[in-house]
There are 2 protein chains.
Amino acid sequence: MPRKVTILDVAQASNVTKSTVSRVINDSPLVNEKTKQRVWKAIKELGYTPNRTARSLALGKNHVIGMVVSEQQISDVVLNPFFPTVLKGITTVANREGYNILLLSLSGQDARSYTEVVQRHTVDGFLILGGPLDVNLGRDLDKMKVPYVFLGKHDPEAEHSFVSTDNEEGGYLAGKHLLDLGHREIRLLVGEVKGTVLAHNIERIAGFKRAFRDSDIPFEDRFVAKMPTDMDSSYYFMKSYLDKEKPSGLILSNEVTSMSCLNLLMDEGISVPEELSLISFGDSQFFRNTRPSLTTVSQSVEWLGRTAMEMLLKRVTGEVWLPSKIIRKPEIILRGSTKKCD
Amino acid sequence: MPRKVTILDVAQASNVTKSTVSRVINDSPLVNEKTKQRVWKAIKELGYTPNRTARSLALGKNHVIGMVVSEQQISDVVLNPFFPTVLKGITTVANREGYNILLLSLSGQDARSYTEVVQRHTVDGFLILGGPLDVNLGRDLDKMKVPYVFLGKHDPEAEHSFVSTDNEEGGYLAGKHLLDLGHREIRLLVGEVKGTVLAHNIERIAGFKRAFRDSDIPFEDRFVAKMPTDMDSSYYFMKSYLDKEKPSGLILSNEVTSMSCLNLLMDEGISVPEELSLISFGDSQFFRNTRPSLTTVSQSVEWLGRTAMEMLLKRVTGEVWLPSKIIRKPEIILRGSTKKCD
DNA sequence: TTGTAGGCGTTATCAA
DNA sequence: TTGATAACGCCTACAA
């Protein structure tokens, strides 16, 4: 096998030095038209393609974005439509701008394991997928001048760069919708991971309470409950929960638990929305194709991915360096799973 | 901001040269225990982490695998559980072995765009996700000594490295199962992409026919039909198809069209399996959680991902270089969507 | 056991 | 307009 053809081979073949070849492939204006043609000819004939690694080393830039997914999440990925959807948004922008995505999974959650990754891989920036992170991470990365954007992490108080949806508003919308329909026995069920409720759900609960205040209806603690997040456990949780509680309206925090719930209700012969109104948080497209289709507080997950990537590339190129936040208002998409309480 | 700490900084801090530091971080045996300790101490204190790009350049290796997804596929990714599932298998192995995944999307389908990618990115190998590829690609990559594995591409004739399931056998299993249950009006519906039937479906059709031969039942061409693959089109296709045809058994080629079909049958009030028996090809886990749960010809998608990655890494490390093929027999998982024809 | 020196493939800064 | 030459950060003979 012929060894890889380098810039030097091209230089010799076209009777110039590497410098000139380098200028040619980088489209520098200060090179004679004639030699330029000669060099291109040699490039074509030899089948030369610049080596990215060498270029990265010289430039300190890669055109590669590290997409950080905690190991826990990467296991949850199956059947949870969040990941592929957000990835679609991310890759759309990345391809358009000539960047590639390096999948990085992290075992630890501390800032140190991130900064280690930062140094190990010469990536131009990090897109960090949600989940509970060290509070100082954003600050540390900023201090190290490492471009990053959090996706789906919503911590309005901190000076981080992130793209997220307004979860408080989402909780409000869901609660308000059911209350407006006349439901009084309504429940918000939020997932718990290892005993803790994730930040976005805490915000949703806050919004949920606001809906009650807003409607002058007293809120009671029993209106909120925690549940497991995987398909099987959530199914059995729902089963026993509905043995005790008899809500007329139910709000679920993600696609997986909503599917479980839908399955259970079908198995138990409880009809939606006749006997129970159902709302799910989740991607706008997902519950369009269930039976019944679900009224959804929409997350626009693909939009999240696109926007986060665009924000990140602006930081990478230096176009906009300052930390910035984009919080998108969710919308409630009315479909067939909610009706007036009679 | 302090500039990045390099091997030289460590060397100076510990009163040795870069060579020694290099030996220490690469765990070379020929270095004094005492200096080793001294160097490690400096590494810790300075927070040094080796730069991967530089290392790649020197070594010609990266510990990065390029995962090639055609642009068409990356758009199909949403809601199609194949991608996240296979990705889970891939990342599981990659993490275990210390490799990372670089997402590469390709616009072209010709060998040239691949070889270009091969040279551009210094990745150690390519995992190439299914779909219709240039027939010569495998040969060309082999010729260039570029490690690769096709995933889900099954071309038993060619001397390629690939991991796949035995689609012919899958078609056979599905057909045989329905015939054994006494069904005679059965249909195999395969997706068509831009007017062409993908290779794996052609094989399934062959197996489907074999099931008829095997049962001494004459096969008729009308038993096989092509259908669109996206959620909406396939729904409307099914609608008009079932207006004309009245099968008692139906086999669908993937998760998306099966969901459409399930939705349509529910909308039309056709009960499964009482009025129609249904079989889907797809991941073993997916249809466990539909109502009814579907009898599935299982693809073990996660296994595919794991196995392909393991095979690839063996080629990358040189442990096994020769092109090899792994074809897994599918199994039929009996669930609630098929019953005896009465 | 450690140091020296050259190379991996590019880019960038000077001179010429 | 082009050519030397020195980085970029690490690895590895070869020498000491």
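Labels below follow one simple rule: chain letters A, B, ... track the order of the sequence lines, proteins then strands, and each chain is numbered from 1.
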Nearest heavy-atom neighbours spanning Gly98(B) and Arg52(B): O-NH2, 4.0 Å
Sugar-phosphate only, base, or nothing, as touched by Thr17(B) at under 4.0 Å among non-hydrogen atoms: base
Lys314(A), NZ atom: more than 12 neighbouring heavy atoms under 6.0 Å: no
Minimum side-chain heavy-atom gap Phe162(B)-Ile128(B) below 4.5 Å: no
B/S/- contact track for nucleotides 7-16 of chain D, protein heavy atom under 4.0 Å: -BBBBBB---
Contact boundaries on DNA chain C for chain A, cut-off under 4.0 Å to non-hydrogen atoms: dG9(C) to dT13(C)
For Glu33(A), all residues meeting side chain to side chain donor-acceptor pair (under 3.5 Å), sequence neighbours excluded: Gln37(A)
Arg328(A)-Ser164(A) side chain donor-acceptor pair, cut-off 3.5 Å: no
Heavy-atom closest pair, residues Tyr48(B) and Ile7(B): CE1-N, 3.5 Å
Test item: Tyr148(B) side-chain N/O and Ser161(B) main-chain N/O as donor-acceptor pair under 3.5 Å: yes
Arg38(B): side chain to side chain donor-acceptor pair (under 3.5 Å) partners, not counting sequence neighbours: none
Bending between helix ends of the helix from dT1(C)-dA16(D) to dA16(C)-dT1(D) [5 pairs per end, 10° resolution]: 40°
Pair Asp124(B), Tyr99(B): side-chain N/O donor-acceptor within cut-off below 3.5 Å: no
Pairing residues for Ser19(B) by the side chain to side chain donor-acceptor pair (under 3.5 Å) criterion, not counting sequence neighbours: none
